[in-house]
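See below for the structure under consideration.
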Amino acid sequence: MLDHGCGRGSDVHHYRTSGLDADGWDPHPGFGQAIEPERQYDLVTNIFVLNVLPDPWQRIQAIQHAARFVRPGGHLFVVTRSPADIDPRAIPANWRTHHDGYWSSEAKGTFQKGIPTEEIIALGHQAGLRPTTQQIPLKTSPAAGQALLVKPKWSGSTPVTATGHRSGTLGGSPAGVGRPDDSGARRPGTPTPPRPARGDAVTPLRPVDGRPG
């Protein structure tokens with residue numbers, strides 16, 4: 001399996017100590033996981049990444065990039081913070097709206113958007129993925145959206161390519177994928193979204209250990 005946007009790799013360590021053949025990838029060089037894998041996996045995870053990307057196109061790019069590493073017939077497991085988690089925080093704190101979400105800290109340039117399961121599935125379709133008929137056998141939480149997506153071995157009459165896209169599907173490099181360091185400081189090298197006078201590059205509001213804060 002591959003943890004896509006793994007931060008410093010704490011989750012990867014947990015998976016390995018559980019006996020799994022696990023790798024991690026994160027675009028921030030400081031986390032030491034920036035080299036892209038050269039293989040595909042039975043399972044790729046993307047945990048609390050999409051909800052911190054302020055541009056809807058970045059979310060499509062991120063899920064397309066994650067899908068590149070899913071073998072045909074393999075799965076992508078996506079978890080996000082839900083609207084039920086984000087909206088009750090944003091309104092009392094007067095988070096300023098931006099696109100379809102909020103600046104959770106304009107000084108740091110951090111963004112949050114509640115993404116429900118249905119939206120994850122819609123994003124998956126942009127990468128040639130579809131939801132499995134049997135979803136995650138985990139207890140659901142109103143604070144999270146989650147979906148288990150599968151890469152078909154064949155999509156209609158069009159084969160899935162080695163890069164994880166249907167022929168003719170737009171690919172793209174990842175944008176702003178990853179996790180913050182423990183201090184919440186911005187990561188160098190991440191793209192800077194449109195913002196007011198203050199603000200740094202977008203970084204996720206997510207602890208490095210892979211669990212929501």
Side-chain angles (χ1 to χ4, degrees), residues 3-8 10-11 14 26-28 30-31 45-63 66 76-126 131 135-136 138-149 174-213:
D3 187 9
H4 183 265
C6 67
R8 299 184 187 277
S10 295
D11 290 355
H14 170 73
D26 193 288
H28 177 40
F31 290 160
T45 59
N46 183 272
I47 311 296
F48 299 112
V49 171
L50 298 179
N51 52 277
V52 302
L53 301 178
D55 188 333
W57 174 236
Q58 287 179 308
R59 297 170 211 145
I60 296 173
Q61 287 181 304
I63 204 165
L76 173 64
F77 179 42
V78 181
V79 181
T80 61
R81 297 194 183 203
S82 72
D85 180 42
I86 296 300
D87 292 345
R89 301 184 188 204
I91 296 171
N94 293 317
W95 289 356
R96 190 169 68 85
T97 58
H98 178 74
H99 290 320
D100 50 359
Y102 307 91
W103 290 120
S104 53
S105 172
E106 294 189 46
K108 294 179 180 179
T110 53
F111 175 89
Q112 284 287 349
K113 168 186 164 52
I115 299 179
T117 296
E118 295 77 12
E119 189 168 340
I120 297 174
I121 293 172
L123 287 167
H125 283 302
Q126 298 289 329
Q135 283 298 309
I136 311 301
L138 299 177
K139 184 176 181 180
T140 59
S141 168
Q146 62 179 14
L148 183 64
L149 308 171
V177 181
R179 301 175 188 174
D181 58 23
D182 293 330
S183 68
R186 75 179 182 90
R187 299 191 312 268
T190 52
T192 303
R195 60 181 186 271
R198 294 189 64 191
D200 292 316
V202 175
T203 56
L205 284 178
R206 180 177 188 271
V208 72
D209 63 3
R211 295 184 294 273

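Here the structure is a predicted model, which is why all the values come from computation and not from measurement. Just so it is clear, the values below take in all heavy atoms, side chains as well, and ignore hydrogens, waters and symmetry mates.
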Do you know the tightest heavy-atom contact between [X] and [Y]?
X	Y	result
Gly145	Thr117	CA-OG1, 3.7 Å
Phe111	His98	CE1-O, 3.4 Å
Ser82	Ala144	OG-N, 3.6 Å
Pro83	Pro116	CD-N, 3.8 Å
Val79	Gln146	CG2-CB, 4.1 Å
Asp100	Pro56	OD2-CG, 4.1 Å

Just verifying a value: how many Å separate [X] [atom1] and [Y] [atom2], rounded to the nearest 0.5 Å?
X	Y	atom1	atom2	result
Leu148	Ile121	CG	CD1	10.0 Å
His99	Asp55	NE2	CG	5.0 Å
Tyr102	Ile91	OH	CD1	5.0 Å
Arg59	Glu119	CZ	CD	6.5 Å
Gln61	Leu53	CD	CG	9.5 Å
Ile120	Phe77	CD1	CZ	8.5 Å

Asp87: salt bridge (charged side-chain N to carboxylate O under 4.0 Å, His left out) partners, not counting sequence neighbours: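 None.
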
Check against side-chain contact (heavy atoms from CB on, under 4.5 Å), Asn46 and Leu76: CA-CA 7 Å; Asn46 183 272; Leu76 173 64; 4.3 Å; yes

Thr110 side chain vs Ser104 backbone, donor-acceptor pair below 3.5 Å: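 No: the side chain of Thr110 does not pair with the backbone of Ser104.
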
Contact check, side chains of Asp11 and Thr45, non-hydrogen atoms, under 4.5 Å: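 The answer is no, as the side chains (C-beta and beyond) never meet within the 4.5 Å cut-off.
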
Criterion side-chain contact (heavy atoms from CB on, under 4.5 Å) on Leu50 and Val78, from CA distance to verdict: CA-CA 9 Å; Leu50 298 179; Val78 181; 3.7 Å; yes

Pair Ile63-Leu149, side-chain contact (heavy atoms from CB on, under 4.5 Å): steps then yes or no: CA-CA 11 Å; Ile63 204 165; Leu149 308 171; 4.2 Å; yes

Steps toward side-chain contact (heavy atoms from CB on, under 4.5 Å) verdict (Arg89, Gln112): CA-CA 10 Å; Arg89 301 184 188 204; Gln112 284 287 349; over 6 Å; no

